[in-house]
Colleague: 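Structure below; questions to follow.
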Number of protein chains: 2
Amino acid sequence: MKVTSKQIAELCGVTRGTVDRALNNRPGINEATREKIMKVAGELGYRPHFLAQSLVKGQTKTLGIVLFDMYNRIFSQLFHAFEAEARRHGYFVYLVLTNKDKALEIEYLNNLLDRKVDGIAMSPVNMGPTLDSFLKESGVPVVTFTNRVSAKVPFVWIDDKQAMKTAVHHIASKGYQRILYVSPPLRYKGKSNIYVPEQRYKGFIEACTELPDISYTVITDYDYLESLLRLIAESDEKPAILCSSDIYALDVMRFLKVNDIRIPEQAGVMGFDNIDILHYVDPALTTIDFHVDEIGRRAAEQLIASIQGRDIPRRTHVGYAIIERDSL
Amino acid sequence: MKVTSKQIAELCGVTRGTVDRALNNRPGINEATREKIMKVAGELGYRPHFLAQSLVKGQTKTLGIVLFDMYNRIFSQLFHAFEAEARRHGYFVYLVLTNKDKALEIEYLNNLLDRKVDGIAMSPVNMGPTLDSFLKESGVPVVTFTNRVSAKVPFVWIDDKQAMKTAVHHIASKGYQRILYVSPPLRYKGKSNIYVPEQRYKGFIEACTELPDISYTVITDYDYLESLLRLIAESDEKPAILCSSDIYALDVMRFLKVNDIRIPEQAGVMGFDNIDILHYVDPALTTIDFHVDEIGRRAAEQLIASIQGRDIPRRTHVGYAIIERDSL
DNA sequence: CTGTTAGCGCATTCAG
DNA sequence: CTGAATGCGCTAACAG
């Protein structure tokens, strides 16, 4: 079980220095003694003590990834790709979940630093100023996704603003002249890091100003479904309901169904994210797809590059595309 | 940043032994010197070096959890609860994904052992004999879920067999006399650890023999949807389609819809697992719910108890319940 | 009460 | 080519 390099040294009648040279095939050792040592080590099932190695080398081959939760499919997929890439490079990963608790996030980051992770990937819930200095002082490479922290810390995601603009133009091209924009997270402005919904919102507004024929209303209520119903009834114009995330679109569809409003005959619905469960809903939801796997993979890739001292881009955008289905 | 106990010792004019006594509030130290040391440590932002600590204490306060993937919602939920409980006890967790690759599973287990995790929780893909001796030799506490390994390694899950029996009786009580049982994983018998589908299958068969009026067919084909269609057409008797997991039930519902077979008018459908996305499908799927959070929590709880040298049960079953909805 | 010493298991000098 | 010595940062047992 727990055989050490010292024991191997004794068994082979050499010192630990020599054993080390053999094991890590370093130069300066007789081929015969190397083979003997390797043989003994193999027979004894020697495995280097990772902690001791880490302690002396100053690197743990471990990454930390900090996510909100695992309920959102986006994170499951992202983690999957991240972990695969990390493992490909010999890194293990600590996964910690903040549940969007700002104090917990800081605490967990500290714990990860204590454990001397070589790098951290995170979806931040704290806001720029708080995290910025913290991360800089830590001295550990970091990459972020979902919410951005600041210009200083690398960010891998999509161009939410541009993507949402594309969505609005798509809706307009289908003949809609009235859009109800649903984005409950906007309510947390100033209280939490809501970079993503804000970017999407900006894109929405920009597009609408470019399209003078479009009338629109923004819904950020907690009870957005009720508000929606009221708004739909207010006008005879058939609305397109554009949601900042699929999860809201899904709830909207359910709700409209219950209220006997047919999709897309009486109202169009469009989401954003293309989460995998859309596969099972009816009518099929039109949405925006982006390669979350690629985000996970590249976040890991860049983080590791950064650990190795290479320069990495401050911002990386992966592609997106409108997936036209039956709801709009 | 990187202040060590040695530096604090020098600054306070004492030795590291004394500093250690203060920091870990061990007895045998003057209250005045303790306070001084604590003060200096606080000002310098001293944080113990976790690796060094682990090395000397022989424990890492780290758990490993080995899962198939993150695509199945069950695992996301289970992990969520597991991580929360682990953190509550000061443990961090390495999450590794096997993608049901048997060789990878063994490799990852070895890596986790190298990293001296204090315990391992896993959803095994290898089969009993292979894992049993491996895990015993490792000397590390282990708990399993999903698939069982053997009588020797603790297992936290539900009583799949009994639950499936309940499902069949429920179907019978609704007046169905014909059941089509869908369970593609059964095809991997002997090639992979399919404890769960096997248990459910046993429960199904047992219940059917108890209910002589029921006729049934078991479908394990890769193209189970096509087979299903053929079987439905073979008889005028309205069938109940019982699936060993919700994911198959979801595909079945989609497929029946495409083929204009109305649920539940022309065929009943029932699933198993009550995964959260059922919330969004129509008609609402009747299924069996079990508390996967509780499984995650108790797995962590028991694993930690086992690490602390306490005895833990060889088998723990959490509850389940039929969720009656509109598909049957 | 405090200082000294000896590891934990390995990597990396520097001599020989 | 190999041995001996030193250190990573911390804990623990033994003196004083």
Side-chain angles (χ1 to χ4, degrees), chain A residues 1-38 40-41 44-62 90 110-111 113-118 139-140, chain B residues 1-38 40-41 44-62 90 110-111 113-118 139-140:
Chain A
M1 262 303 299
K2 27 164 65 176
V3 37
T4 73
S5 68
K6 191 171 159 192
Q7 294 173 29
I8 298 185
E10 281 169 12
L11 250 65
C12 294
V14 295
T15 64
R16 289 147 74 234
T18 309
V19 172
D20 185 62
R21 275 180 275 258
L23 260 27
N24 302 314
N25 44 267
R26 241 193 294 276
I29 182 172
N30 186 323
E31 200 44 48
T33 57
R34 149 167 297 151
E35 274 171 20
K36 181 178 177 191
I37 291 170
M38 292 307 272
V40 174
L44 265 54
Y46 171 77
R47 296 215 137 221
H49 193 300
F50 207 86
L51 293 180
Q53 246 175 198
S54 299
L55 180 61
V56 67
K57 291 214 236 184
Q59 56 152 14
T60 54
K61 281 284 187 178
T62 303
N110 273 316
N111 292 150
L113 295 176
D114 287 347
R115 284 165 181 259
K116 305 293 184 236
V117 293
D118 295 338
V140 161
Chain B
M1 260 309 298
K2 28 162 67 178
V3 37
T4 73
S5 69
K6 191 171 158 191
Q7 296 174 27
I8 298 186
E10 280 169 12
L11 252 66
C12 294
V14 294
T15 63
R16 288 145 76 234
T18 309
V19 172
D20 185 62
R21 275 180 276 256
L23 260 27
N24 302 313
N25 42 268
R26 242 193 293 276
I29 180 173
N30 186 322
E31 199 44 49
T33 57
R34 148 167 297 150
E35 274 171 20
K36 180 178 176 191
I37 291 171
M38 293 305 273
V40 174
L44 265 54
Y46 170 78
R47 295 218 138 218
H49 194 300
F50 207 86
L51 293 179
Q53 241 172 202
S54 299
L55 181 61
V56 67
K57 291 215 235 184
Q59 56 151 13
T60 55
K61 281 284 186 179
T62 303
N110 272 317
N111 292 150
L113 294 177
D114 287 347
R115 284 165 180 260
K116 306 291 184 238
V117 293
D118 294 338
V140 162

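Quick note: numbers below take in every heavy atom, side chains included, and nothing from hydrogens, waters or symmetry partners. Bear in mind that the values here come from a model prediction, so they are computed numbers and not experimental data. In what follows, every chain begins at residue 1, and chains take the letters A, B, ... in the order their sequences are listed.
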Colleague: Could one point to a donor on the side chain of B:Arg21 or the base of C:dG3 with an acceptor on the other under 3.5 Å away?
Modeller: yes
Colleague: With heavy atoms under 4.0 Å as the rule, sort A:Tyr46 into base, sugar-phosphate or nothing.
Modeller: sugar-phosphate
Colleague: Report the nucleotide, chosen from C:dA11, D:dG9, C:dG9, that has the shortest atom-to-atom distance to any side-chain atom of A:Thr4.
Modeller: C:dG9
Colleague: With rounding to the nearest 0.5 angstrom, report the CG to CZ distance, A:Asn111 to B:Arg47.
Modeller: 7.0 Å
Colleague: Rounded to whole angstroms, how far apart are NZ on B:Lys116 and C1' on C:dC10?
Modeller: 12 Å
Colleague: If each of B:Leu55 and B:Gly17 is mapped to the nucleotide of DNA chain D with the nearest heavy atom, which maps nearer the 5' terminus, i.e. the 5' end?
Modeller: B:Leu55
Colleague: Identify which nucleotide among C:dG3, D:dG3, C:dC1 has an atom closest to any side-chain atom of B:Asn30, counting heavy atoms from C-beta outward.
Modeller: C:dC1
Colleague: Which of these nucleotides, D:dC10, C:dT13, C:dC10, is closest to any side-chain atom of B:His49?
Modeller: D:dC10
Colleague: Would you say B:Ser5 reaches D:dG9's phosphate, i.e. side-chain N/O to OP1/OP2 under 4.0 Å?
Modeller: no
Colleague: Which nucleotide sits closest to the side chain of B:Lys6: C:dC10, D:dT11, D:dC8?
Modeller: D:dC8
Colleague: Heavy atoms only, 4.0 Å cut-off, all strands: where does A:Arg34 land among base, sugar-phosphate and nothing?
Modeller: nothing
Colleague: B:Gln53 side chain: which of D:dT11, C:dA11, C:dT2 is closest?
Modeller: D:dT11
Colleague: Measure the distance from CD on B:Glu35 to C1' on C:dC1 and round it to the nearest whole Å.
Modeller: 16 Å
Colleague: A:Glu10 has an atom CD; how far is it from atom P of D:dG3, in whole Å?
Modeller: 13 Å
Colleague: As a test of reading the structure: which of D:dT11, D:dG3, D:dA13 is closest to the side chain of B:Lys57, going by heavy atoms?
Modeller: D:dT11
Colleague: When the distance from CG of B:Leu51 to C1' of D:dC8 is rounded to whole Å, what number comes out?
Modeller: 10 Å
Colleague: Hey, does the side chain of A:Asp118 reach the backbone of A:Thr60 with a donor-acceptor pair shorter than 3.5 angstrom?
Modeller: yes
Colleague: Identify whether any heavy atom of B:Thr33 sits under 4.0 Å from a base atom; if not, whether one sits that close to sugar-phosphate; answer base, sugar-phosphate or nothing.
Modeller: sugar-phosphate
Colleague: Counting only N and O atoms by type, is there a donor-acceptor contact under 3.5 Å from the side chain of B:Arg34 to the main-chain atoms of B:Arg26?
Modeller: yes
Colleague: Report the nucleotide, chosen from D:dG3, D:dC10, D:dT11, that has the shortest atom-to-atom distance to any side-chain atom of A:Val14.
Modeller: D:dG3
Colleague: Counting any heavy atom closer than 4.0 Å, what does A:Thr15 reach on the DNA or RNA strands: base, sugar-phosphate only, or nothing?
Modeller: base
Colleague: Does any donor atom in the side chain of B:Asn24 or B:Asp20 lie under 3.5 Å from an acceptor atom in the other side chain?
Modeller: yes
Colleague: 5'-most contact on DNA chain C: B:Thr18 or B:Val56, nearest heavy atom basis?
Modeller: B:Thr18
Colleague: Is a side-chain donor-acceptor pair under 3.5 Å present for A:Thr62 with B:Arg115?
Modeller: yes
Colleague: With heavy atoms under 4.0 Å as the rule, sort A:Ile29 into base, sugar-phosphate or nothing.
Modeller: sugar-phosphate
Colleague: Nearest to the side chain of A:Arg16 - D:dC14, D:dG9, C:dC10?
Modeller: C:dC10
